[in-house]
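Only this structure's heavy atoms are used, side chains among them; waters, hydrogens and symmetry mates stay out. For ligands, and for the atoms within them, numbers begin at 1 and follow the listed sequence. Numbers here are sequence positions counted from 1.
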Amino acid sequence: MSGDHSEVPIVIALEHFSRKKPLRFHVPGHGGGRAIYSELRKANLPGWDVTELDGLDDLHSPSGVIELAQKKAAGLYGARHTFFLVNGTTVGVQALIAATCSGPGSAIALPRNAHRSVLGGLVLSGARPVFIEPQIVPWFEFAAGFTGTALEQVLQSEPRIVAVLAVHPCYYGVVGNLAEIVKICRSYNIPLLADEAHGTHLRFSPHLPPDALEQGADATVQSVHKTGGALTQASWLHLAPGGRVDRGEVASALRLLQSSSPSYLLMASLDAARRQLALYGRARLDETRDIALEAALKIKTIPGLTVLGPEHLNLPGAVDYDPTRLVVSFRGLGLSGYEAGRLLADEYNIYVEMADAYNIVAVLPLGVNREDVEALVHALAGISSKVRGTVITGDRPPPARPGLPAQIMTPRRAWLARKRQVRLEASAGLVSAEVVAVQPPGIAIIYPGEEITPAIIEYLLIARECGLQIHGAADPMLATIEVVDC
Ligand SMILES: Cc1ncc(COP(=O)(O)O)c(C=O)c1O
């Protein structure tokens, strides 16, 4: 045995974090327990951490309390069936792709900024991805939705597309015209699958964009832990009444992918979140939205900062937004979102959900305090006045992205192939075995099975030099890239 085993580094780090009493503007959306059902907050969690004992049902074949809880969630969303998930929306997206796209030669249309969980679905199903370019919101430079015209183009050019996946809303809370996407999918008789990781809460306030089921998606997956008040990893998957996704296929994909020991704490938190949303969702969301809009008005007056609002959304792929998350750009200060996020944490004890090269995203938890949001606004004003006149990094426009490369093989074949690492500069003409995405705008530049072109190498070198965040590569410095050894 080596090492000191009396140490518990994760436990210590969590104790330290919660002892600091940070202001939380990040997921999970229960805000450190504030919005959790009181019975769950008071519960003896180790005592509730059980397995499939008598009377407690079985997630993989529910016929008792889990079935009842799932039915209640389905009733709340008007779904034909709801599956509880214990591995986040990740597993739900993978199960939907596996359930709809496993036929030989099947293809799926999906946006290039789809979450990395889709790769698991593509590897599992063997489906060929047909990518659609999302629209980029200017100034903030993040990827939002795709247009109906872009979808029509891929559907006309590829008759083997058997499903379409849309992200609704994106990480920054922006939605495209989903009703139009639904209409197009219906005209081709193809199911529309929604990755609604950030949209559990939308239907509970008429002041928020409508959710995917309301607009006619065939199936949707929601991270209830992100914005619905459940514990981290707890999500659910809804099938629409009359939708074109087979319940049995989804159930068998979930049996394949989910743990055989699903956590009762996570499932109880889904049950409790459903109760909270049903009983208090409207009041809490209206209040959260009012507080967020007030904050946005104040942030607008802070020199150098831009807060996302309706005036930035005049693209067909970006038609509306969720005001309960504040997206703030620091470009006017010449400060990066990463630096701003660090200053908020280090100097103000405020933690936001996400930072990129230009922006921060602050997710207001359900039941947020007005004073906490005022503290955030105050901190942003403090950063602005401290930084103004001192920053010399200046604003760098994002490098121009290269076009989509040729697809040489499916992601599944690339994943299963023998692989090797090569220097990025020496990879032209080789087939990538990994996803490399650059933030902003959060779009995959190369996908497994695609040919690495000189333009892609040049873009990645510039992105590396500019300090843009690079995701997905096995080598985080991107000195090397993993390729198929053919
Ligand atoms: C758009 C999107 N889809 C899917 C996921 C995966 O969700 P989960 O963390 O619930 O597995 C995320 C996570 O951030 C996401 O942003």
Heavy atom of the protein closest to [atom] (residue, atom name, distance):
| atom | result |
| --- | --- |
| atom 14 (O) of ligand 1 | Lys226 NZ, 3.0 Å |
| atom 3 (N) of ligand 1 | Asp195 OD2, 2.5 Å |
| atom 8 (P) of ligand 1 | Thr89 N, 3.4 Å |

With heavy atoms of [X] as the reference, note each atom of ligand 1 found under 4.0 Å away.
| X | result |
| --- | --- |
| His225 | 8 (P), 9 (O), 10 (O) |
| Ala197 | 2 (C), 3 (N), 4 (C), 5 (C), 12 (C), 15 (C) |
| Gly88 | 10 (O), 11 (O) |
| Ser223 | 7 (O), 8 (P), 10 (O) |
| Ser235 | 10 (O) |

- What distance separates Ile108 CD1 from Thr100 OG1, expressed to the nearest 0.5 Å? 5.5 Å
- Query: Any N or O on Ser117 sitting closer than 3.5 Å to an N or O of ligand 1?
  - Reply: no
- Query: How does Thr90 reach ligand 1, if at all, at less than 4.0 Å between non-hydrogen atoms: by side chain, backbone, both, or neither?
  - Reply: both
- Query: His198: heavy atom below 4.0 Å from ligand 1, yes or no?
  - Reply: yes
- Name the one of Leu155, Asp218, Leu151, Ile161 that satisfies side chain to side chain contact (heavy atoms under 4.5 Å, CB included) with Cys185? Leu151
- Evaluate the criterion side-chain hydrogen bond (donor to acceptor under 3.5 Å, both in side chains) for residue pair Thr82 and His238; output intermediate values, then yes/no. CA-CA 4 Å; Thr82 294; His238 306 296; 2.8 Å; yes
- Task: Kindly indicate whether a cation-pi arrangement holds for Arg282 with Phe204, taking the cut-offs as under 6.0 Å to the six-membered ring centre and within 45° of the axis.
- Result: no
- Query: Under 6.0 Å from the six-membered ring centre of Tyr351 and within 45° of its axis: does the NZ or CZ of Arg24 meet both?
  - Reply: no
